[in-house]
Amino acid sequence: MSLLEVRGLKTYFYTRRGVVKVLDGLNFALEPGQIVGLVGETGSGKSVTGFSILRLVRRPGRIVGGEVVFEGRDLLKLPEPQMAALRGRDIAMIFQNPRTALNPLITVGRFLEQVLHFRAGLPRNRTRDEAVRLLSAVHIPDPERRLSSYPHQLSGGMAQRVMIAAAVAARPKLLIADEPTTGLDVTVQAQIMRLLRELRDQTGTAQILITHDLGLASEVCDAIAVMYAGEIVEFAPTRTLFATPKHPYTRGLLASRPKLGQTGEIPGIRGAVPDLMNPPRGCRFHPRCPHAFTRCRVERPRPVYVSPDHYATCFLLEEEGHA
Amino acid sequence: MLKRVAQSEVLYRIKQNPTTLLGLGIVIFMFGLAVFAPWVAPYDPLEKHFDHVSEPPSRQFWMGTDQFGQDIFSRVVWAARLDLFIAATAVAISLVVGSLLGALSGYLGGWFDEMFMRLMDILQAFPSLILAMGIAFALGPGVFTVIVATSAVNIPGYARLMRSTLLSEKQRTYVLAARAVGNPPWRILFRHLIPNALTPVLVNATLHFGWAILEAAGLSFLGLGVAVPNAEWGVMINMGLQDFWQGHWWAYTFPGVFIALTVLGFNLVGDGLSDLLDPRRARQ
């Protein structure tokens, strides 16, 4: 059984200008211990997906339909207190710009000890030692001394490690990492990525890594879901995705990565992300797609499986006879 | 936050700022009078010296005597105790009640927020002294009345300020992060939001201290607050004014000067503090 199964998830934002259908029927599944990357441009709905799973979508956003089945229970049907009890204990989340994600008035030690006491259910007299252990597990030097640090005294990388330590304190089964390395140095990025992977290998925590950086995702993810305009347009094991991308958008993304020693212009994807208030009819990518034909403009493509663990939502595949 | 204030930097910067230092001096002086009133005042503030009625300042009565032969200097000193007590209590009550209600309103939002803010609008639609007079009139004179009236008229200001800072704090990522580790709503409000939104409210409270003294003295001056024979600055000005045409200037001038000085002192401290604690203003 899948650890998490998202079925037909719809999250709309009710703005003054109209309804923005950020997610309009999203589907994907996650196996225990698996790391899946949600990759897409800004505004493709990848962060909203993360927040929707934890039911932390802020107004004017609202989850209007679908199911988020976690260990057999539909989270969207849980009463709020039960949902709150599940956050941080079964599903945890870390954020971009980690320094703003820590309460500026609470020391690292107090923060961790509270999470350990309330979430992991540790008695008060054991939280301090466990906090030190957690900090050293995320490779923070001199953890004893760090307990009394305030967030403004931490570097970005350090703050993210603290966030990770807090997130895994209660040994959650799923960790949602929303652009965890945005705003960090490249070297620190690599360290954080290694840490996330290490965590999975040691504790078996499944992870959803939300990022706009395909290269970064390829370093740690077992599988990658490419998102475009609120839909997953291709889902495949990382290696397969890089070797045989099926969706024109994925191909465009892969082609637009700069390569070492490359001269001349980097090929981009022409056009811009569609306005989700009035998404294009049919395939949402068709206005930018070099291969678009009549059917793409009227009919919404459905996932076409090229192998049991690889699908893409594109009519081209049907034409090729995969359906 | 309080710990950080106590630590060095803020204290150092106060010392660099002569007007704040002056204000601090005045405030400390007034509190000193209030605390040590029994030792500073040469006479009982209510004692009537019948052979020294309405005398101008002299070596025996430094600030003269009023129409009952009471020593004005002793009364001014004792009044510092009463007025500071009233102001402190009123500020504390409006601070706690106002910011709690404002925080709740901003946090809950929706119809509660709407109703509560409209109620605050109604309260603020009256000039505050008129409203205070109305409340004081309904309750009848007394120290308790002054405290209730003064704190009631200041509650909307604190509520509004707390609500607006809380609304902006609410948007910050750490609140989301706190929810993501499973904090229940009341913990988010009391552990995360209120402490982070408190600084401007506290600064406002120091600024309000002077106003509270003015309001309290004003009510008593009008005869709606502390009753007549008591030693209170507003009451003393009122009594002194009755002898205005006889030219007994000392009877109303000295309490007036003390009110002005105290209000000035608190305002200087409040201004200095808001410069120190508000990073946006400090950078200018």
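Residue numbers begin at 1 in each chain, while the letters A, B, ... track the order of the sequences.
Note that CG of A:L105 and OG1 of B:T199 are 7.0 Å apart. Values are rounded to the nearest 0.5 Å. From B:R172, atom CZ reaches atom CG of A:N103 across 8.5 Å, with rounding to the nearest 0.5 Å. Atom CZ of B:R179 is separated from atom CZ of A:R55 by 9.5 Å, given to the nearest 0.5 angstrom.
A:R58 contributes a side-chain N or O that, together with a main-chain N or O of B:Q171, makes up a donor-acceptor pair within less than 3.5 Å.
Nearest heavy atom pair, residue A:P104 against residue B:N196, reads CG-OD1, 3.3 Å. A:M93 and B:A180 make their closest contact through CB-CB, 4.1 Å (heavy atoms, listed as atom of the first residue, atom of the second, distance). Between B:A177 and A:A101, the shortest heavy-atom distance links the atoms CB-O, 3.3 Å.
Heavy atoms of other residues, nucleotides or ligands lying less than 6.0 angstrom from CZ of B:F112 number more than 12. The local environment of CZ in B:R118 is crowded, with over 12 non-hydrogen atoms from other residues, nucleotides or ligands closer than 6.0 Å. Around atom OH of A:Y14, more than 12 heavy atoms belonging to other residues, nucleotides or ligands sit under 6.0 Å away.
Both the backbone and the side chain of A:L56 come within contact range of chain B, judged by heavy atoms closer than 4.5 Å. When heavy atoms are compared at a cutoff of 4.5 Å, B:R187 approaches chain A solely by way of its side chain, counted from C-beta outward. For A:R119, the part lying near chain B is the side chain, with the backbone staying farther off; criterion is any non-hydrogen pair under 4.5 Å. Heavy atoms closer than 4.5 Å to chain B are found nowhere in A:M83, neither backbone nor side chain.
The shortest side-chain heavy-atom distance between B:Y174 and A:I106 does not fall under the 4.5 Å cut-off.
Shown here are the side chain to side chain donor-acceptor pair (under 3.5 Å) partners of A:T127, two or more places apart in sequence or in another chain: A:E113.
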